[in-house]
Amino acid sequence: MSRALLPFLLLASAGLAACTPGEKAAPGAAAVQVSAALCRPTPVGRQTTGCYLTLTAAADDRLVAVSSPVAGRAQIHESRMESNMMMMRELKDGLTLPAGQAVELKPGGNHIMLLAVEEPLRAGDTVALTLTFASAPPLEITAEVGQPTLTDSGHAEH
Ligand SMILES: [Cu+2]
């Protein structure tokens, strides 16, 4: 059992160390934990892309805003299938984060949308994101740029 878990734990802690230095210094704070922050490379000729991450709030909270220095604007989006088409729209009231529950932003689901991205984002780059919550202190995180590995098909672009 513990042998099977070890590689995952090592990966997870390596990712945390790389993405959010110092964040673990205050485990008692009512902060939101972030993991697996990833932004897709911008498609050629486009200035928008999606970012994904997993948020776990210590207490009931809400992700209310996102910003990034690489994007003119960032929005919180939901995706849903309508008439066999993937539609997305902004979650104007933000995204609910129930206490202790990991909320996954992922391809085909909720995601962060970067708009008006001036410089193309390429795999291997990093993107700074500032996450603002209704209650928890804001978080500055670093997302890697790359293709999500968990997509099951190519049609869910965001
Ligand atoms: Cu979107």
Side-chain angles (χ1 to χ4, degrees), residues 8-9 11-12 14-16 18-20 23 30-158:
F8 170 75
L9 290 173
L11 278 174
L16 275 175
C19 292
T20 52
E23 191 195 52
V32 176
Q33 298 286 323
V34 182
S35 64
L38 182 76
C39 293
R40 278 184 200 270
T42 43
V44 173
R46 291 181 57 188
Q47 292 184 299
T48 63
T49 196
C51 297
Y52 315 104
L53 42 73
T54 300
L55 298 169
T56 308
D60 283 343
D61 211 330
R62 180 174 285 268
L63 175 66
V64 293
V66 179
S67 65
S68 172
V70 306
R73 280 177 298 143
Q75 297 177 340
I76 305 158
H77 278 191
E78 66 170 348
S79 300
R80 56 171 59 179
M81 292 299 282
E82 282 176 18
S83 309
N84 227 15
M85 299 239 305
M86 183 66 78
M87 310 290 285
M88 57 181 190
R89 66 175 63 118
E90 184 177 9
L91 290 171
K92 301 238 180 228
D93 295 328
L95 181 65
T96 300
L97 304 174
Q101 191 175 313
V103 176
E104 227 183 324
L105 285 76
K106 59 186 178 184
N110 299 326
H111 56 277
I112 293 165
M113 200 84 209
L114 300 184
L115 304 155
V117 178
E118 301 228 342
E119 297 285 329
L121 300 178
R122 299 189 179 85
D125 291 350
T126 56
V127 173
L129 296 173
T130 300
L131 311 179
T132 305
F133 303 97
S135 303
L139 279 183
E140 298 197 12
I141 65 163
T142 302
E144 292 186 30
V145 177
Q147 292 292 346
T149 52
L150 296 178
T151 43
D152 52 1
S153 67
H155 70 263
E157 269 299 306
H158 298 296

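All figures in this text were calculated on a predicted structure; none of them were measured in a lab. If you read the sequence from its start, that first residue is 1, and numbering goes on from there.
Looking at residues two or more places apart in sequence or on another chain, you find no side chain to side chain donor-acceptor pair (under 3.5 Å) involving Glu118.
Separation of atoms CG (Leu115) and CZ (Arg73) is listed at 5.0 Å; rounding is to 0.5 Å. Rounding to the nearest 0.5 Å gives a distance of 10.5 Å between CD of Glu140 and OG of Ser68. Remark: Thr54 OG1 to Leu38 CG distance equals 10.5 Å, nearest 0.5 Å. Atom CG of Leu139 sits about 9.0 Å away from atom OG1 of Thr132, to the nearest 0.5 Å. Atom CD1 of Ile141 and atom CG of Leu55 lie 7.5 Å apart (nearest 0.5 Å). Within the model, atoms OG of Ser35 and CG of Leu53 stand 8.0 Å from one another, a figure rounded to the nearest 0.5 Å.
When side chains are defined from C-beta on, Thr48 counts as touching Met113, because their heavy atoms get closer than 4.5 Å. Using a 4.5 Å cut-off on side-chain heavy atoms (C-beta onward), Val32 and Leu131 make no contact. The shortest distance between side-chain heavy atoms of Val145 and Val127 falls below 4.5 Å. Within the 4.5 Å cutoff, the side chain of His111 has heavy atoms near those of the Ser79 side chain. Residues Glu104 and Tyr52 are not in side-chain contact: their nearest non-hydrogen atoms beyond the backbone lie 4.5 Å or more apart. Between Leu114 and Leu121, some side-chain heavy-atom pair lies under the 4.5 Å cut-off.
Legend: salt bridge (charged side-chain N to carboxylate O under 4.0 Å, His left out) pairs involving residues 74-89, not counting sequence neighbours, sorted by first then second residue: Glu78-Arg80, Glu78-Arg89, Glu82-Arg89.
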Under 3.5 Å donor-acceptor pairs involving side-chain atoms of residues 91-102, not counting sequence neighbours:
| from | atom 1 | to | atom 2 | distance (Å) |
| --- | --- | --- | --- | --- |
| Lys92 | NZ | Glu90 | OE1 | 3.2 |
| Thr96 | OG1 | Arg62 | NH2 | 2.9 |

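Remark: side-chain polar atoms of Thr49 are paired, donor with acceptor, to backbone N or O of Arg40 under 3.5 angstrom. In this structure a side-chain-to-backbone donor-acceptor pair under 3.5 Å is missing from Ser83 to Met85.
Nearest heavy atoms, Pro41 versus Ala123: CG-N, 4.1 Å. When all heavy atoms of Ala74 and Val66 are compared, the closest pair comes out as CB-O, 3.3 Å.
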